[in-house]
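In what follows, a single structure is set out as structure tokens and then discussed.
The first residue in the sequence is number 1, and the count goes up from there.
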Amino acid sequence: LARSSARCYHKIPGGRATHGVRRTRRREDEMTENRVETAERERKVREWFKMWLVKDCGGMEKIFAPDAVYRESWGPVYHGAGEIKRWFEEWNGRAAVLRWDALGFLHDGGRSVAEWRFESADAEGAHVRFDGVSVITWDGEGRIASLTEYGCDADSYDPYADGTGVPRFRVKDNVWF
């Protein structure tokens, strides 16, 4: 028996040992390629968040495919990079993103999920704060083909915290659900 670089042992007829190096290198190359692709996807999502913080969407065409579809968590859907850009510019003319932090990512083939925390304020000073995830589909050129947001109120609480067994739900206006 012989030990390969991938810690696999192979014995072929006639007593000769092989290391399976070609197969191992191919897997290592694929893993490296996947890590690079994953890092690039995460970089693009973070760059998109940063664009909102600095109110500058220059380079957006490197992030979104020309026919991308963007669905916000509260309903609006934007079709095409041009419409996404128009929404970006209009929104930033009346409000400001104060925080948009990427908290984590999951990747599976041509899809990614980004978990994030968001906070904004409009011209009248009204603040919106929520946690969310974006489900992203990538095109063959590494750009976002579709993005769907899902949101969750950042002000979470336990309705059974008082121990009575009866839930106590907060009453408040839903800003965007």
Side-chain angles (χ1 to χ4, degrees), residues 34-162 167-177:
N34 288 340
R35 279 193 298 269
V36 169
E37 185 176 81
T38 295
E40 182 62 14
R41 288 175 177 179
E42 292 176 11
R43 186 195 65 74
K44 286 181 178 182
V45 170
R46 284 187 174 96
E47 182 65 23
W48 174 240
F49 293 175
K50 182 180 175 187
M51 288 177 177
W52 286 88
L53 291 165
V54 299
K55 296 187 173 201
D56 181 0
C57 64
M60 194 179 91
E61 67 282 351
K62 294 176 184 170
I63 296 174
F64 288 93
D67 59 347
V69 176
Y70 195 112
R71 181 177 176 204
E72 287 193 84
S73 56
W74 58 283
V77 179
Y78 309 102
H79 298 273
E83 195 168 300
I84 295 167
K85 182 177 181 182
R86 183 170 44 249
W87 159 59
F88 177 97
E89 291 170 343
E90 182 278 324
W91 193 96
N92 277 290
R94 60 183 164 80
V97 173
L98 306 174
R99 176 183 186 182
W100 202 350
D101 300 327
L103 304 177
F105 295 89
L106 298 171
H107 305 280
D108 183 26
R111 295 179 65 167
S112 299
V113 175
E115 181 184 8
W116 41 264
R117 180 157 293 137
F118 179 89
E119 184 177 352
S120 68
D122 66 17
E124 289 80 41
H127 279 73
V128 174
R129 189 172 66 99
F130 61 98
D131 296 331
V133 296
S134 296
V135 177
I136 303 164
T137 302
W138 301 90
D139 74 2
E141 296 180 33
R143 297 173 302 189
I144 295 173
S146 69
L147 186 151
T148 301
E149 294 178 349
Y150 297 90
C152 182
D153 192 331
D155 190 20
S156 299
Y157 65 96
D158 179 356
Y160 295 99
D162 67 5
R168 304 259 185 239
F169 297 103
R170 295 180 186 157
V171 178
K172 67 178 195 174
D173 293 331
N174 285 326
V175 177
W176 55 276
F177 284 120

With rounding to the nearest 0.5 Å, note down the distance linking [atom1] in [X] to [atom2] in [Y].
X	Y	atom1	atom2	value
R129	D155	CZ	CG	6.0 Å
S134	W48	OG	CH2	10.5 Å
F88	M51	CZ	CE	7.0 Å
D131	L103	CG	CG	7.0 Å
Y70	T148	OH	OG1	9.5 Å

Check whether any side-chain heavy atom of Y150 sits under 4.5 Å from a side-chain heavy atom of C152, and report yes or no.
-> no
Where do [X] and [Y] come nearest, in terms of heavy atoms and distance?
X	Y	answer
P167	F169	CB-CE1, 3.5 Å
R41	G109	NH1-O, 2.7 Å
D162	R168	OD2-NE, 3.0 Å
G151	F130	CA-CD1, 4.2 Å

Under the side chain to side chain contact (heavy atoms under 4.5 Å, CB included) rule, collect the residues that match up with S120, sequence neighbours excluded.
-> W91, F118, V128
Which residues share a side chain to side chain contact (heavy atoms under 4.5 Å, CB included) with D67, sequence neighbours left out | A65
What do you reckon, is CG of D108 surrounded by more than 12 foreign heavy atoms closer than 6.0 Å?
-> no
Side chain to side chain donor-acceptor pair (under 3.5 Å) with E40: which residues, sequence neighbours excluded?
-> R43
Acceptor/donor pairs from residues 136-143 side chains to any protein atom, 3.5 angstrom cut, sequence neighbours excluded:
from : atom 1 : to   : atom 2 : distance (Å)
T137 : OG1    : S146 : OG     : 3.3
W138 : NE1    : S112 : OG     : 2.9
D139 : OD1    : E141 : N      : 2.8
D139 : OD1    : G142 : N      : 3.0
D139 : OD1    : R143 : N      : 2.8
D139 : OD2    : R143 : NE     : 3.1
D139 : OD2    : R143 : NH2    : 3.1
E141 : OE1    : R143 : NH2    : 3.4

According to the side chain to side chain donor-acceptor pair (under 3.5 Å) rule, which pairs have a member within residues 75-86, sequence neighbours left out?
-> E72-Y78, Y78-W87
How are the rings of W100 and W52 set relative to one another: parallel (under 30°), tilted (30 to 60°) or perpendicular (over 60°)?
-> perpendicular
Mind jotting down which residue pairs meet the salt bridge (charged side-chain N to carboxylate O under 4.0 Å, His left out) criterion with at least one end in residues 45-60? Sequence neighbours excluded, please.
-> E42-R46
R94 vs D122, side chain to side chain contact (heavy atoms under 4.5 Å, CB included): CA-CA, chis, key distance, verdict | CA-CA 6 Å; R94 60 183 164 80; D122 66 17; over 6 Å; no
Please find out if less than 6.0 Å separates the ring center of W116 from that of F105.
-> no
